[in-house]
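Below is one structure, written out as structure tokens, with a few remarks after it.
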Amino acid sequence: MADPVGFLGLGVMGGPMALNLARAGTPLVVWNRSPERAEPMRAAGARIAADPGEVFRAARVVVLMPYDAAVADLMLGRGTEEFAARVAGRTIVHMGTAEPEWSRELEREIRAVGGHYVEAPVSGSRVPAEQGRLVAMLAGEADAVAPVRPLLAPLCRETFDCGAVPGALLMKLAVNVFLIATVTGLAESFHFAAGHGLDVGLLRDVLGAGPMASDVSRVKAEKLTKGEFSVQAGILDVLKNNRLIVDAARAAGIASPLLDVCEALYAETAELGHGGADMAAVVHALDARGRSDRDT
């Protein structure tokens, strides 16, 4: 029997990713902060660990899909005497999105105690995660990356090598610049059309037939047409990613005018109570600004 793989973090993305691994026959040991999220994994044949330490003791390759860097640090026991015991002799595969400099330092610490580290952030939301059609960006030492690439096959339709850490995370942030700007622009298009009394269903159809249509635009346009914002990529998650992009841009002296505006809009959407909704719900911030402008 193949060695078990550890998987920590079974949220909106991590849950379906882990399920795809289990369904492909990968023996898994999993853990999640909210235990109820792990139950579907039990039905798929995975072993449910009582704590992160149990995962590291059972597996030589451990995948992390945390909400952010702070959660990843807790999973790893970073800053405690547990850290070295958890990562020594193991390959840690970080598939979340975090600060590039945090990742660079984490790789240094893992290698210092005899472990290996691979960045493997993914492009895609909940539906591509369920379908095993994510796109992964890989960074790290070549001998660490090589065995990870086939492990990701049930999750990803394609993988790309991005050189040394933090190359993959920087690439993921570059991808997210386009994603966030695109969806925000699409929401503004629907806001504009609705403000002029146009049929937003017709707008959806026109955009879907045109040269700018994509998988993302079609899904988000449907949500904007129906006003149905069940989460695929949540407002708070997008706001977190937006802030990572802006911070990384500032650190490198790079302009980010579009993402500066988007950051404000996603923050306003969260303040309006839509933090758990899909990112297309940013249209609520646009609507609120429009009402404010009309009232002044």
Side-chain angles (χ1 to χ4, degrees), residues 1-10 13-31 41 44-47 49 52-66 69 72 75-78 83-98 100 102-124 128-129 131-172:
M1 181 178 177
D3 293 336
V5 171
F7 201 109
L8 299 168
L10 303 171
M13 296 286 288
M17 290 163 66
L19 274 174
N20 282 335
L21 282 174
R23 289 166 178 163
T26 305
L28 289 180
V29 182
V30 306
W31 178 85
M41 296 304 306
R47 170 180 157 191
E54 183 180 341
V55 176
F56 287 96
R57 289 190 294 272
R60 309 306 291 181
V61 175
V62 179
V63 177
L64 308 183
M65 191 59 182
M75 291 172 170
L76 292 163
R78 199 171 178 200
F83 176 74
R86 289 184 181 183
V87 306
R90 290 168 180 81
T91 297
I92 309 302
V93 184
H94 178 243
M95 299 193 73
T97 306
W102 168 89
S103 188
R104 191 197 305 272
E105 181 61 18
L106 178 59
E107 182 192 39
R108 187 193 67 77
E109 293 181 15
I110 289 174
R111 290 176 61 184
V113 296
H116 301 282
Y117 177 70
V118 176
E119 282 182 346
V122 292
S123 178
Q131 296 172 340
R133 293 184 54 79
L134 297 168
V135 174
M137 292 144 276
L138 303 177
E141 293 182 294
D143 59 349
V145 170
V148 169
R149 190 178 296 104
L151 173 66
L152 302 183
L155 313 180
C156 303
R157 61 182 174 86
E158 199 158 357
T159 60
F160 292 90
D161 289 327
C162 298
V165 171
L169 275 172
L170 287 169
M171 186 65 72
K172 170 67 185 294

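Here the structure is a predicted model, which means the values were calculated and not measured. Just the heavy atoms: all of them, side chains too, but no hydrogens, waters or symmetry mates, feed the values below.
Checked by atom type and distance alone, the side chain of R60 pairs as donor or acceptor with a backbone atom of G89 at under 3.5 Å. With hydrogens and angles ignored, the 3.5 Å screen pairs no side-chain donor or acceptor of K172 with any backbone N or O of S123.
Considering OG1 of T97 and CE of M65, their distance stands at 6.5 Å, rounded to 0.5 Å. Here the CG-NE2 distance, from D143 to H116, works out to 6.0 Å after rounding to the nearest 0.5 Å. Distance OG1/T159 to CE/M137: 10.5 Å, rounded to 0.5 Å. Remark: M75 CE to L8 CG distance equals 5.0 Å, nearest 0.5 Å. With values rounded to the nearest 0.5 angstrom, L138 atom CG is found 8.0 Å from M95 atom CE.
For the pair M17 and F7, the minimum side-chain heavy-atom distance is below 4.5 Å. A 4.5 Å side-chain heavy-atom check between L106 and L76 finds at least one atom pair inside the cut-off. With contacts defined as side-chain heavy-atom distances shorter than 4.5 Å, the pair V5/V93 does not qualify. Between R78 and V87, every side-chain heavy-atom pair lies at or beyond the 4.5 Å cut-off. Side-chain contact between L10 and L19: absent, with no pair of heavy atoms (C-beta onward) separated by less than 4.5 Å. With a 4.5 Å cut-off on side-chain heavy atoms, P166 and E119 count as touching.
The side chain to side chain donor-acceptor pair (under 3.5 Å) pairs that include a residue from residues 83-96 number zero, where partners must be two or more places apart or lie in different chains.
Scanning both residues, P100 and L170, for their nearest heavy atoms gives CG-CD2, 3.6 Å. Shown here for C156 and V122, the closest heavy-atom pair between the two residues is SG-CG1, 4.3 Å. Looking at every heavy atom in both residues, A72 comes nearest to L64 through CB-CD1, 4.5 Å. Nearest heavy atoms, A46 versus V30: CB-CG1, 4.3 Å.
Around the CZ atom of R133, the shell of radius 6.0 Å holds no more than 12 heavy atoms that belong to other residues, nucleotides or ligands.
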*Evaluate salt bridge (Lys or Arg N to Asp or Glu O under 4.0 Å) for E54 paired with R57, printing each intermediate quantity in order.*
CA-CA 5 Å; E54 183 180 341; R57 289 190 294 272; 5.2 Å; no

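Between E141 and R111, at least one side-chain nitrogen of the basic residue sits less than 4.0 Å from a carboxylate oxygen of the acidic one, meeting the salt-bridge criterion.
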